[in-house]
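Some notes on the structure that comes next.
The analysis underlying the following values was restricted to heavy atoms, covering all of them including side chains, and did not include hydrogens, waters or symmetry mates. Just so you know, these numbers come straight off a predicted model, no measurement behind them.
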Amino acid sequence: MAYRISGLPLDDFAPLFGRSDAELAEQGVLRVRADHKPGYPCRVTLEDAEPGETVLLLNYADHKAATPFRSSYAIYVRESALAPAELHDSLPAVFANRRLAFRAFDAAGMLRDASLALDGDADARIRELFADPDIAYLQAHNAAPGCFAARIDRA
């Protein structure tokens, strides 16, 4: 079972880059300086920000389906992001050393299954969920804080 993991579209965030803190605050966005790594996972590049790098902390609607499973939560985006990550049958760096919750949705955006991945078994959980032909896509979330990590599609 082949799959693709994609970072969020850069165009969704680029208009915020370089804005003043006051302008960002008007939109409910905070600029934060990463003070350790890992800890500030960019949802565009799917990499952790380097210490000293600035990231934007904002609320993002990660599941826009017109179902009861519509959701949004806080995410980080690196102001230095240049392009969204796209990985095929491999895991992004931000999945390493993190416990992940995978939510499996059908084409209508209804939750059909879920799985928890502990260190080192994310690939196996992804493949198990996609073994069900009714699963159209997955969402990965960091298990403890609950924040959106990435979308995973069949390739």
**Asked** Of all heavy-atom pairs between Ile5 and Ser90, which one has the smallest distance, and what is that distance?
**Response** CD1-O, 3.6 Å
**Message:** With a 3.5 Å distance limit and no angle check, can you tell me whether His141 reaches the backbone of Ala101 through a side-chain donor-acceptor pair?
**Reply:** no
**Heavy-atom donor-acceptor pair, Arg151 side chain to Gln139 backbone, under 3.5 Å** = no
**Rounded distance [0.5 Å steps], CD1 in Ile152 versus CZ in Phe130** = 6.5 Å
**Message:** Show the nearest heavy-atom pair for residues Asp106 and Ala136, with the distance to one decimal.
**Reply:** C-CB, 3.7 Å
**Item:** Shared hydrophobic cluster, Val44 / Val29 (ILVMFWY, side-chain heavy atoms < 4.5 Å)
**Value:** yes
**Heavy-atom side-chain contact between Leu8 and Phe13 under 4.5 Å** = yes
**Request:** Using a 4.5 Å cut-off on heavy atoms from C-beta on, say whether the side chain of Leu16 contacts that of Val77.
**Result:** no
**Prompt:** Would a 4.5 Å heavy-atom cut-off, applied to side chains only, mark Ile135 and Arg154 as touching?
**Reply:** yes
**Request:** Flag the pair Phe148 / Tyr73 as yes when their ring centroid distance falls below 6.0 Å, and as no otherwise.
**Result:** no
**Asked** Leu24 and Val32: same hydrophobic cluster, using ILVMFWY side-chain contacts below 4.5 Å?
**Response** no
**Item:** Presence of salt bridge, Arg31 and Asp21, under 4.0 angstrom
**Value:** yes
**Atom pair CG/OG of Asp62 and Ser71 - distance to nearest 0.5 Å** = 3.5 Å
**Prompt:** Are Arg127 and Asp89 within salt-bridge range, i.e. N to O under 4.0 Å?
**Reply:** yes
**Request:** Please lay out, stage by stage, how Val94 and Arg43 fare under the test side chain to side chain contact (heavy atoms under 4.5 Å, CB included).
**Result:** CA-CA 9 Å; Val94 294; Arg43 300 312 180 203; 4.2 Å; yes
**Request:** Verify side chain to side chain contact (heavy atoms under 4.5 Å, CB included) between Leu91 and Tyr3, making sure each step is shown before the conclusion.
**Result:** CA-CA 10 Å; Leu91 303 174; Tyr3 61 86; 3.6 Å; yes
**Request:** Looking only at non-hydrogen atoms, find the nearest pair between Ala83 and Thr45 and report the distance.
**Result:** O-CG2, 4.0 Å
**Prompt:** Salt bridge check: are Asp48 and Arg98 linked by an N-O gap of less than 4.0 Å?
**Reply:** yes
**Request:** For Arg4 and Ser6, work out which heavy atoms get closest and say how close.
**Result:** NE-OG, 3.5 Å
**Asked** If we ignore angles and hydrogens, is there a donor and acceptor under 3.5 Å between the side chains of Glu128 and Ser115?
**Response** no
**Prompt:** Do Tyr76 and Tyr60 sit in the same hydrophobic cluster, where Ile, Leu, Val, Met, Phe, Trp and Tyr count as joined when their side-chain heavy atoms come under 4.5 Å apart?
**Reply:** no
**Asked** With a 4.5 Å limit on heavy-atom distance, are the side chains of Leu58 and Leu30 in contact?
**Response** no
**Prompt:** Under the 3.5 angstrom rule, does the side chain of Glu79 hit a backbone N or O of Gly18 as a donor-acceptor pair?
**Reply:** yes
**Message:** For the SG atom of Cys42 and the CD atom of Glu47, what is their distance to the nearest 0.5 Å?
**Reply:** 7.5 Å
**Message:** Please give me the minimum heavy-atom distance between Ala49 and Ala34, naming the atom from each residue.
**Reply:** CB-CB, 4.0 Å
**Euclidean distance, Asn142 CG relative to Leu100 CG, rounded to 0.5 Å** = 6.0 Å
**Asked** What orientation do Phe105 and Phe69 show, parallel under 30°, tilted 30 to 60°, or perpendicular over 60°?
**Response** perpendicular
**Asked** Rounded to the nearest 0.5 Å, how far apart are CG of Asp121 and CZ of Arg99?
**Response** 10.0 Å
**Item:** Euclidean distance, Met1 CE relative to Ile126 CD1, rounded to 0.5 Å
**Value:** 12.0 Å
**Message:** Within the 4.5 Å heavy-atom criterion, are Leu57 and Tyr40 side-chain neighbours or not?
**Reply:** no
**Message:** Tell me if a side-chain donor or acceptor on Glu53 pairs with a main-chain N or O of Ser80 at a distance below 3.5 Å.
**Reply:** no
**Prompt:** What's the shortest heavy-atom distance between Ser72 and Ala61, and which atoms?
**Reply:** CB-CA, 3.5 Å
**Request:** State, with a plain yes or no, whether a side-chain heavy atom of Leu46 is found less than 4.5 Å away from one of Phe95.
**Result:** no
